[in-house]
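What follows is a short report on a single structure.
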Amino acid sequence: MEETGVSNSPSSSSVSQSPDPSPGGDCRQAFPKLQNDTFLRAAWGETTDYTPVWCMRQAGRYLKEFLATRAGQDFFVTCRSPETCCELTLQPLRRFPLDAAIIFSDILVVPQALGMQVTMVPGKGPTFSSPLRDKQDLDRLQAPVDVDKELGYVFQAITLTRHQLAGRVPLIGFSGAPWTLMSYMVEGGGSNTMAQAKRWLYQWPKASHRLLGLLTDVLVPYLVGQVAAGAQALQVFESHAGHLGPELFSEFALPYIRDVAKRVKAGLQEAGQAPVPLIIFAKDGHYALEELAQAGYEVVGIDWTVNPAQARDRVGKSVTLQGNLDPCALYASKEKIEQCVEQMLAAFGPQRYIANLGHGIYPDMDPAHVGAFVEAVHRHSRRLRNK
């Protein structure tokens, strides 16, 4: 989706094979040593020499090499190819000195694991052939889910990518949050209002909680499995928080966001895995910043509608903030991007901060302007620390 003196350019434009990139393979035990941990230190709240930066959708259609790799291939076929996902994950790191990689995948692989049919329709987006229209439709879902069987291809992609990264930067795994996944499963795709999904919340609250709980039960082992496969941080996307007001969010989203964090941390401990920082990004969830800061995540991502200084006042100093340049700012001149970055960094402050966009990179962005953003973050954040 998805540096410092570390080389950010792999020597080859194609992925070489690593032995046995499966979750159970012994190769996971010998990952290359991490050379640039700035992103992880910022996520944990430790002091950094500069502000780390990565971009949501940094692997995407704005890159010609991404289009060439995916040419003629079905989107979800791509998602099920560990080698292709690895290659797509690495592509932006060949261009930009990013401080983290994020595995190429999609949040909707989870509904697929539950037996729902989802396709990516060009010009339309994700489309479910048979959405959940009635509460009785919950009986169609194939639960419980064996995540190793149904989502093992994601784990394989993560393990392979950890090896191919060669320790340059950390690798982020991710999932959608329960409410966001539920909204897609009920609406059957994207929606401007999420009216059908919200109808469930009002008309069938018990069934809604059943579905949200079922999704949580899949997400927990899925996220724990990503760490076991090699993910060094996890981001949970609550992309549709903006369709809920404070009351609905508190009842149908926040409890499951909290539960995911609590159970993933317990699952990692039980599995003997080292803890990893967790990131929650609730787009348009500005009304719940205080609650999100206390939900069990080390990092809270914010979009461009939130004032960074006010966000820091609201969440306190116990969490790291991530964000929040308006993606459309990348349409501006490089000089204007420099100004925007300088203002953003000053507003967030030098520590407990990871730079990012307030949402994903758009397909028509100029890669050179993405590079200008990344380099401006590094340059100006170092300058701020030297004042």
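Positions are given from 1, in the same order as the sequence printed here. Bear in mind the structure is a predicted one, so any value in this text is a computation, not a measurement. Note that these values count all heavy atoms, side chains included, but never hydrogens, waters or copies made by symmetry.
What you find for T216 and P178 is that their closest heavy atoms are OG1-CG, 3.4 Å. The two atoms that bring D284 and G242 nearest to each other are CB-CA, 3.4 Å, heavy atoms only. Across every non-hydrogen atom of R80 and Y153, the tightest pair is CA-CD1, 3.6 Å. For the residue pair A282 and A241, the shortest heavy atom distance occurs at CB-CB, 3.9 Å. Closest approach of T51 and V377 over heavy atoms only: O-CG1, 3.5 Å. L40 and A233 get closest at one heavy-atom pair: CD2-CB, 4.3 Å.
Ion pairing between a basic and an acidic side chain is recognised when a charged N comes within 4.0 Å of a carboxylate O; R140 and D137 show such pairing. For R258 and E291, the salt-bridge test fails: no basic side-chain N is under 4.0 Å from an acidic carboxylate O.
Panel note: side chain H369, backbone L330; a donor-acceptor pair is recorded below 3.5 Å. At least one donor-acceptor pair under 3.5 Å links the side chain of N307 to the backbone N or O of Q310. Side-chain N or O atoms of R168 include none that pairs as donor or acceptor with a backbone N or O of L34 at under 3.5 Å. Formation of a donor-acceptor pair under 3.5 Å by the H163 side chain with backbone atoms of P32 is not found in this model. For R162 (side chain) and L171 (main-chain N/O), no donor-acceptor pair under 3.5 Å exists by modelled atom type. For E83 (side chain) and L160 (main-chain N/O), no donor-acceptor pair under 3.5 Å exists by modelled atom type. A donor-acceptor pair under 3.5 Å is formed between the side chain of K198 and the backbone N or O of H243. No donor-acceptor pair closer than 3.5 Å links the side chain of S81 to the backbone N or O of V77. Of the possible donor and acceptor atoms, none in the side chain of T320 sits under 3.5 Å from a partner among the backbone N and O of V299. Q226 contributes a side-chain N or O that, together with a main-chain N or O of F174, makes up a donor-acceptor pair within less than 3.5 Å.
In this structure, K265 places its NZ atom where more than 12 heavy-atom neighbours from other residues, nucleotides or ligands lie under 6.0 Å away. For Q269, the CD atom sits in a loose shell: 12 or fewer heavy atoms of surrounding residues, nucleotides or ligands are nearer than 6.0 Å. Heavy-atom neighbours of Q117 CD from other residues, nucleotides or ligands within 6.0 Å: at or below the threshold of 12. Atom CG of N192 has 12 or fewer heavy atoms from other residues, nucleotides or ligands within 6.0 Å.
For the pair R61 and F66, the cation-pi criterion (under 6.0 Å, within 45° of the ring axis) is not fulfilled.
Under a hydrophobic clustering in which Ile, Leu, Val, Met, Phe, Trp and Tyr are joined whenever their side-chain heavy atoms come within less than 4.5 Å, directly or via other members, V109 and V121 fall into different clusters. Taken together through direct or relayed side-chain contacts under 4.5 Å among Ile, Leu, Val, Met, Phe, Trp and Tyr, Y331 and V374 form part of one hydrophobic cluster.
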Atom pairs and distances, donor-acceptor, side-chain atoms in residues 246-253, under 3.5 Å, two or more places apart:
{"unit_1": "S250", "atom_1": "OG", "unit_2": "P246", "atom_2": "O", "d": "2.8"}

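Residues P367 and K64 are not in side-chain contact: their nearest non-hydrogen atoms beyond the backbone lie 4.5 Å or more apart. A 4.5 Å side-chain heavy-atom check between M185 and V118 finds every atom pair outside the cut-off. Between Y297 and V236 the shortest side-chain heavy-atom distance falls below 4.5 Å. Using a 4.5 Å heavy-atom threshold, the side chains of F39 and I354 count as touching. Proximity of F96 to Q58: side-chain heavy atoms (C-beta onward) are nowhere separated by under 4.5 Å. Between P111 and Y184 the shortest side-chain heavy-atom distance does not fall below 4.5 Å. In this structure, P131 and V186 have side chains that are not in contact, with every pair of non-hydrogen atoms separated by 4.5 Å or more. Contact annotation: the side chain of F281 never approaches that of N356 to less than 4.5 Å [non-hydrogen atoms, C-beta and beyond].
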>> Please determine whether side chain to side chain contact (heavy atoms under 4.5 Å, CB included) holds for the pair I257 and W179, giving the CA-CA distance in whole Å, both sets of side-chain angles, and the decisive distance to 0.1 Å.
In response: CA-CA 9 Å; I257 289 172; W179 155 248; over 6 Å; no

> Yes or no on side chain to side chain contact (heavy atoms under 4.5 Å, CB included) for L325 and F373, after CA distance, side-chain angles and deciding distance?
Replying inline: CA-CA 9 Å; L325 188 72; F373 165 67; 3.6 Å; yes

> Between R57 and H359, does a side chain to side chain contact (heavy atoms under 4.5 Å, CB included) hold up when you go through it step by step?
Replying inline: CA-CA 8 Å; R57 292 188 192 150; H359 200 231; 3.9 Å; yes

> Could you walk me through whether K124 and T127 pass the side chain to side chain contact (heavy atoms under 4.5 Å, CB included) check?
Replying inline: CA-CA 8 Å; K124 181 181 179 182; T127 302; 3.6 Å; yes

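Distance check: L141 CG to D139 CG gives 8.5 Å after rounding to the nearest 0.5 Å. Note that the CG atom of L114 and the CG atom of L181 stand 9.0 Å from one another [nearest 0.5 Å]. Of the inter-residue distances, the one linking E46 atom CD with T38 atom OG1 reads 10.5 Å to the nearest 0.5 angstrom. We find the CD-OH distance between E290 and Y287 to be 12.5 Å, quoted to the nearest 0.5 Å. Rounding to the nearest 0.5 angstrom, the gap separating the OG atom in S208 from the CG atom in L201 is 4.5 Å. In this structure, CG on L88 lies 6.5 Å from OG1 on T84, to the nearest 0.5 angstrom.
Between the side chains of Q196 and S191, no donor-acceptor pair of N or O atoms lies under 3.5 Å. Checking H240 against T180 by side-chain atom types alone, no donor-acceptor pair falls below 3.5 Å. For the residue pair Q91 / E87, a side-chain donor-acceptor distance below 3.5 Å is found, with atom types taken as modelled. In the model, H378 has a side-chain atom that pairs as donor or acceptor with a side-chain atom of D99 under 3.5 Å. With no hydrogens or angles considered, a side-chain donor-acceptor pair links Q235 and Q322 at under 3.5 Å. With 3.5 Å as the limit, one finds no donor-acceptor pair spanning the side chains of T48 and R41.
Sorted by first and then second residue, the pairs that involve residues 214-223 and meet salt bridge (charged side-chain N to carboxylate O under 4.0 Å, His left out), not counting sequence neighbours, are D217-R263.
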